[in-house]
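Inspection log for the structure reproduced underneath, given as structure tokens.
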There are 2 protein chains.
Amino acid sequence: MPRVMPDDPLNELPGYALRRAANAMMAELTARLVPLDLRISDASVLMLIAERTDMTSSDIGKVLDIQRANMVPLLNRLEAAGLIARKPIDRKSQAVVLTPEGRERLADTRAIVTCFEDDLMARIPDEHRPHFLPALRALVGQPVDP
Amino acid sequence: MPRVMPDDPLNELPGYALRRAANAMMAELTARLVPLDLRISDASVLMLIAERTDMTSSDIGKVLDIQRANMVPLLNRLEAAGLIARKPIDRKSQAVVLTPEGRERLADTRAIVTCFEDDLMARIPDEHRPHFLPALRALVGQPVDP
DNA sequence: CCCATATTGCTATTGACAATAGCAAATTCA
DNA sequence: TGAATTTGCTATTGTCAATAGCAATATGGG
């Protein structure tokens with residue numbers, strides 16, 4: 001007879017539930033982006049620079065919370081895939097812009113992401129749904145003090 | 001004159017906000033656990049096996065969504081720190097149990113985690129707060145379909 | 001009881017990703 | 001002009017999860 005599995009005593013903790021939900025969400029979105037050969041970070045960059053032609057690597061990193069050093073392999077990969085190009089702003093800075101192919105891939109990305117977000121919200125019961133994004137925003141807006 | 005920073009167009013996406021909130025939360029809890037020399041996974045294990053003396057490494061992994069292979073270094077670390085012990089169940093399986101020192105550390109852990117969770121919830125406006133955990137549970141309960 | 005199957009705990013390796021330190025060139029501002 | 005800052009990059013490190021594989025043991029159907 002198999003030993004019984006206990007209820008997870010951590011399930012009452014919002015922080016724990018937040019982690020679990022985020023992990024599940026990331027895994028799912030990662031899987032949905034596989035057909036486009038994009039990672040979540042890649043898709044984030046494409047969507048971020050969609051309407052702009054003047055964002056530098058540093059700018060993107062600041063918005064997405066990615067350090068400059070870690071932007072390098074990310075952008076190199078997108079450039080190698082032909083999705084972005086580097087356009088000189090001055091002799092030091094370069095803007096990161098979408099190529100025509102990048103623009104096409106962005107359209108596919110938006111379709112997948114929109115569908116994904118809709119599916120995500122659909123799983124939340126009606127009475128809780130409108131409170132979800134505001135609650136999350138409250139958490140990221142003012143980080144918990146140390 | 002500095003170029004202006006755009007609003008993050010990803011901020012409207014619940015999935016993105018979920019990731020950001022989880023990252024911020026994890027970073028904060030990680031920092032608060034530093035004085036105890038524990039990582040989040042360590043603390044999770046301690047809290048999970050607190051009331052049990054019959055959970056194997058595999059059991060813990062199933063509950064916490066950690067693969068067996070990745071449980072090994074985690075438990076080795078906790079054992080080296082004197083917080084857990086392995087108690088043979090049969091010639092194949094071993095239960096993971098708290099040592100007296102592990103029990104003390106657990107008490108400190110619970111204090112920190114409780115305080116942290118309270119702080120976390122306190123940042124969510126009253127009208128959204130009661131909806132937060134139910135919404136997260138709905139997401140983890142039924143993962144989004146591929 | 002016996003044998004196929006499953007489980008347990010582990011090793012070893014890989015990849016994604018973040019964090020750190022450091023550097024040369026260019027820009028900015030006092 | 002000169003000091004401080006910014007940009008983009010290299011190189012390295014550490015954390016963490018995922019995979020494949022393995023030996024020992026346990027389990028359940030026939």
Side-chain angles (χ1 to χ4, degrees), chain A residues 1-3 5 19-20 22-31 33-34 37-45 49 54-81 84-97, chain B residues 1-5 19-20 22-31 33-34 37-45 49 54-80 84-97:
Chain A
M1 203 188 81
R3 279 163 300 112
M5 204 67 112
R19 177 156 81 125
R20 296 293 290 260
N23 283 347
M25 180 275 297
M26 300 263 294
E28 178 52 37
L29 182 53
T30 297
L33 287 175
V34 164
D37 197 27
L38 292 179
R39 302 176 193 169
I40 293 182
S41 309
D42 301 336
S44 304
V45 169
I49 65 175
D54 61 346
M55 294 203 77
T56 67
S57 169
S58 294
D59 291 338
I60 298 171
K62 277 171 197 146
V63 174
L64 297 183
D65 260 340
I66 301 175
Q67 303 199 9
R68 269 177 305 144
N70 296 328
M71 287 298 301
V72 180
L74 202 172
L75 293 183
N76 283 347
R77 194 154 26 88
L78 289 175
E79 189 174 38
I84 63 164
R86 288 165 155 106
K87 190 187 67 172
I89 290 182
D90 54 36
R91 269 184 299 176
K92 183 172 64 165
S93 305
Q94 322 165 35
V96 179
V97 297
Chain B
M1 203 189 79
R3 277 166 299 112
V4 292
M5 204 68 110
R19 177 155 81 124
R20 296 293 290 259
N23 283 347
M25 180 274 297
M26 300 263 294
E28 178 51 36
L29 182 53
T30 297
L33 287 175
V34 164
D37 198 27
L38 292 178
R39 302 176 192 169
I40 293 182
S41 307
D42 300 337
S44 304
V45 169
I49 65 176
D54 61 345
M55 294 202 78
T56 67
S57 169
S58 294
D59 291 338
I60 297 171
K62 277 171 196 145
V63 174
L64 297 183
D65 260 340
I66 301 175
Q67 303 200 8
R68 269 177 304 145
N70 296 328
M71 288 298 301
V72 179
L74 201 172
L75 293 184
N76 283 347
R77 193 154 27 86
L78 289 175
E79 189 174 39
I84 63 163
R86 288 165 155 109
K87 189 187 68 172
I89 290 181
D90 54 37
R91 269 183 298 176
K92 184 173 63 167
S93 305
Q94 322 165 34
V96 179
V97 297

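Chain identifiers are assigned alphabetically (A, B, ...) following the order of the sequence lines, protein sequences preceding nucleic acid strands; residue numbering begins at 1 within each chain.
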* Please state how far atom CG in A:Asp54 lies from atom P in D:dT7, giving the value in whole angstrom units. => 13 Å
* Can you find a donor-acceptor pair, distance only, under 3.5 Å between A:Lys92 side chain and C:dT27 base? -> no
* **Nearest-angstrom distance from the residue atom CG of B:Leu75 to P of D:dC16** => 14 Å
* Asked: Does a side-chain heavy-atom distance below 4.5 Å link A:Ile49 with A:Ile84?
  -> yes
* Asked: Does B:Asp37 CG have over 12 foreign heavy atoms under 6.0 Å away?
  -> no
* Side chain of B:Arg39 (C-beta onward), nearest among D:dT15, D:dT10, C:dC10 -> D:dT15
* To do: Indicate whether OP1 or OP2 belonging to D:dT6 is found under 4.0 Å from a side-chain N or O atom of A:Lys62.
  => no
* Asked: Starting at CG of B:Asn76 and ending at C1' of C:dC10, how long is that distance when rounded to a whole Å?
  -> 9 Å
* Touch check for B:Arg68, heavy atoms < 4.0 angstrom, all strands: base, sugar-phosphate only, or nothing? -> base
* **Options C:dT20, C:dC10, D:dT15, nucleotide nearest the side-chain atoms of A:Gln67** => C:dT20
* Asked: Measuring from A:Arg19:CZ to B:Asn23:CG, what's the distance to the nearest 0.5 Å?
  -> 11.5 Å
* **Under-4.0 Å side-chain N/O to phosphate OP1/OP2 contact, B:Ser93 with D:dA26** => no
* To do: Report the distance from atom CE of B:Met71 to atom P of D:dT19, rounded to the nearest whole Å.
  => 17 Å
* A:Asp65 CG - C:dA18 C1' separation (whole Å) -> 11 Å
* Please report, rounded to the nearest Å, how far the P atom of C:dG9 is from the CD atom of B:Glu79. => 12 Å
* Under-3.5 Å donor-acceptor pair between A:Asp90 side chain and C:dA26 base -> no
* To do: Using a heavy-atom cut-off of under 4.0 Å over every strand shown, decide if B:Arg77 touches base, sugar-phosphate, or nothing.
  => nothing
* Asked: In whole angstrom, what separates B:Ile66's CD1 from D:dT15's P?
  -> 15 Å
* Over all heavy atoms of both residues, which pair between A:Val96 and A:Leu75 is shortest? Give the atoms and the distance, please. => CG2-CD1, 3.9 Å
* When the nearest nucleotide of DNA chain D is assigned to A:Ala69 and to A:Asn23 on a heavy-atom basis, which residue is associated with the more 5' position? -> A:Ala69
* Looking at D:dG8, D:dA18, C:dG9, which one has an atom nearest to any side-chain atom of B:Asn70? -> D:dA18
* **Among C:dC10, D:dA26, D:dC9, the nucleotide that comes nearest once only the side chain of B:Arg91 is considered** => D:dA26
* To do: Provide the closest heavy-atom pair for A:Arg20 versus B:Val63 in the form atom of the first, atom of the second, distance.
  => NH1-O, 3.2 Å
